Novice: 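One structure coming up, written as structure tokens, with questions to follow.
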Amino acid sequence: MSSPAPPAERPGSRIYRPWLLRLVYDLVVLRLSCRMVWGCPEKRLVREYREHIGDVHLDIGPGPGTLLVKARPRPGAVLHLLDLNPEPLRMSEQRLAAFTVHTYHADALAPWPLEDASVGSVGLSLVVHTLPGKDIAAKAHVLDEAARVAVPGGRVFGSTVVSSGEGLRMAWPARRLSDAYNRAGIFDNRGDDADDLRRELEVRFTDVRFRVHGTVAVWSARTPA
Ligand SMILES: C[S@@+](CC[C@H](N)C(=O)[O-])C[C@H]1O[C@@H](n2cnc3c(N)ncnc32)[C@H](O)[C@@H]1O
């Protein structure tokens, strides 16, 4: 695991403990909450991975690696995994042992420890809403870094729970859970607006595909060739 100086833990990091990741994440977060609370089924996220993952892929905030496993990368694929918390890195590395895996214990809001134009694809699934920042512009560093490390014509894709913007449908359970997660420091997305995200993508990338499913913005784009 590469880690020049381990990043500081954040309050919301408590939920990425081993037992929670093992017992709760796949069932409660990906299967149930995605579909029933946030309005975007897990299979929609898996579809993005299957369509866009490259042979050399960087995943930011892989969690327990479930979507990467379900993406079925090609044999021989090289997977770079960057996460603020060590346990998701350990767990993803174990589950993806069939591939060449490089892990980075680092903060996505700091410079990424990867060379320019070094990966074919970058995944940012369900991670932007966890990053501290008053709005999408304050978190756009991750898009700058994705644009920097992806090869020209590379794929950048992701999903995030937003709080406002065109196409958003937020039923009261989603509003209540989002408020509770924001109070607990698990989310920081009160200022995350879908239209802002789309604009930030369009100024950096080409071929932007963007859609809001329930409360989840799902996007893919390419770095300029
Ligand atoms: C909700 S999980 C998403 C997991 C996975 N991408 C998925 O879609 O199932 C958020 C992940 O982002 C990581 N994370 C949170 N803040 C981060 C930061 N500032 N830098 C890097 N990773 C972060 C967490 O440790 C966790 O692995």
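Read the numbers this way: they start at 1 and go in the same order the structure lists the ligands and their atoms. Predicted model only: the values in this text are computed from it and were never measured. For the numbers below, each heavy atom of this structure counts, side chains included, while hydrogens, waters and symmetry mates do not.
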Novice: I'd like to check which ligand 1 atoms, numbered from 1 as shown, lie under 4.0 Å from a non-hydrogen atom of T130.
Specialist: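 Within the 4.0 Å cut-off of T130, ligand 1 contributes 15 (C), 16 (N).
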Novice: Compute the minimum heavy-atom distance from L131 to ligand 1 and say whether it is under 4.0 Å.
Specialist: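 True for this residue.
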Novice: Can you name the atoms of ligand 1, numbered from 1 with element, that are less than 4.0 Å from a heavy atom of A106?
Specialist: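 Per the distance check, 20 (N), 21 (C).
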Novice: Who gets closest to atom 23 (C) of ligand 1 by heavy atom: L84, L126, V128?
Specialist: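 Nearest option to atom 23 (C) of ligand 1, by heavy atoms: L84.
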Novice: Any N/O of Y25 closer than 3.5 Å to an N/O of ligand 1?
Specialist: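 There is such a contact, yes.
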Novice: I want to check something: taking the side chain as every heavy atom from C-beta on, are C40 and L45 in contact at a cut-off of under 4.5 Å?
Specialist: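 Yes, side chains in contact.
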Novice: Over 60° means perpendicular and under 30° means parallel, so tell me whether Y49 and F157 are parallel, tilted or perpendicular.
Specialist: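 If you compare the ring of Y49 with that of F157, the planes turn out perpendicular.
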Novice: Report yes or no: do V151 and V208 belong to one cluster of Ile/Leu/Val/Met/Phe/Trp/Tyr joined by side chain heavy-atom distances under 4.5 Å?
Specialist: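 Different clusters.
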Novice: Report the part of P62 (side chain from C-beta onward, or backbone N, CA, C, O) that has a heavy atom under 4.0 Å from ligand 1; answer both or neither where that applies.
Specialist: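 Just the backbone.
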Novice: Are any of the side-chain nitrogens in E145 or R148 under 4.0 Å away from the carboxylate oxygens of its partner?
Specialist: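 Here E145 pairs with R148 in a salt bridge, since their nearest N and O are under 4.0 Å apart.
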Novice: Identify the heavy atoms of G65 and S92 that sit nearest to each other, and give their distance.
Specialist: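 Minimum heavy-atom separation between G65 and S92: N-OG, 3.4 Å.
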Novice: I need the atoms of ligand 1 closer than 4.0 Å to a non-hydrogen atom of D107, numbered in the order shown.
Specialist: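 Taking each heavy atom of D107 in turn, ligand 1 has 18 (C), 19 (N), 20 (N) under 4.0 Å.
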Novice: If you count the atoms of ligand 1 from 1 in the order shown, which ones are under 4.0 Å from a heavy atom of V127?
Specialist: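 Those atoms are 12 (O).
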Novice: Under 4.0 Å from any heavy atom of L67, which atoms of ligand 1 are there?
Specialist: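 Every atom of ligand 1 under 4.0 Å from some heavy atom of L67: 7 (C), 8 (O), 9 (O).
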Novice: Can an N or O of H129 be found at a distance shorter than 3.5 Å from an N or O of ligand 1?
Specialist: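 Not met; the criterion fails.
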Novice: Look at K139 together with E200 and state whether they make a salt bridge at an N to O cut-off of under 4.0 Å.
Specialist: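 Answer for the salt bridge query: no.
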Novice: Kindly confirm or rule out an N or O of L30 lying under 3.5 angstrom from an N or O of ligand 1.
Specialist: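 L30 vs ligand 1: no N/O contact under 3.5 Å.
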Novice: Heavy atoms only: which of A108, S159, G65, G133 is nearest to atom 20 (N) of ligand 1?
Specialist: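 Looking at heavy atoms only, the winner is A108.
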Novice: Can you tell me which portion of L45 lies within the under-4.0 Å heavy-atom range of ligand 1? Options are side chain, backbone, both, or neither.
Specialist: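 No part of L45 comes within reach of ligand 1.
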Novice: So, using side chain to side chain contact (heavy atoms under 4.5 Å, CB included) as the criterion, who are the partners of V28 when residues are at least two apart?
Specialist: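 V28 satisfies side chain to side chain contact (heavy atoms under 4.5 Å, CB included) with V24, S33 once adjacent residues are dropped.
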Novice: Consider every N or O of S125 and every N or O of ligand 1, then say whether any pair is closer than 3.5 Å.
Specialist: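 Among all N and O atoms of S125, at least one is under 3.5 Å from an N or O of ligand 1.
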Novice: Check each atom of ligand 1 against the heavy atoms of P88 and keep those under 4.0 Å away; list them by number with element.
Specialist: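 This gives 25 (O), 27 (O) as the contact atoms.
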Novice: For ligand 1, which atoms sit closer than 4.0 Å to a heavy atom of N85?
Specialist: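 Per the distance check, 24 (C), 25 (O).
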Novice: Could you pull out all residues at least two apart from T100 that satisfy side chain to side chain contact (heavy atoms under 4.5 Å, CB included)?
Specialist: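 Partners of T100 by the side chain to side chain contact (heavy atoms under 4.5 Å, CB included) criterion, ordered by chain and then number, come out as V78, H102.
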Novice: Are E51 and R47 ion-paired here, with the side-chain N under 4.0 Å from a carboxylate O?
Specialist: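 Salt bridge flag = no for R47 with E51.
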Novice: May I ask whether T66 has any heavy atom positioned less than 4.0 angstrom from an atom of ligand 1?
Specialist: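 No heavy atom of T66 comes that close to ligand 1.
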Novice: So, regarding G61 and ligand 1 (criterion: nitrogen or oxygen to nitrogen or oxygen, under 3.5 Å), is there a contact or not?
Specialist: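 Right, the criterion is met.
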Novice: Does a side-chain N-to-carboxylate-O contact under 4.0 Å join R198 and D195?
Specialist: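 A salt bridge is absent here (no side-chain N lies under 4.0 Å from a carboxylate O).
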Novice: Indicate the ring-plane relationship of H129 and F187, choosing parallel, tilted or perpendicular according to the 30° and 60° boundaries.
Specialist: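 Aromatic pair H129/F187 classed tilted.
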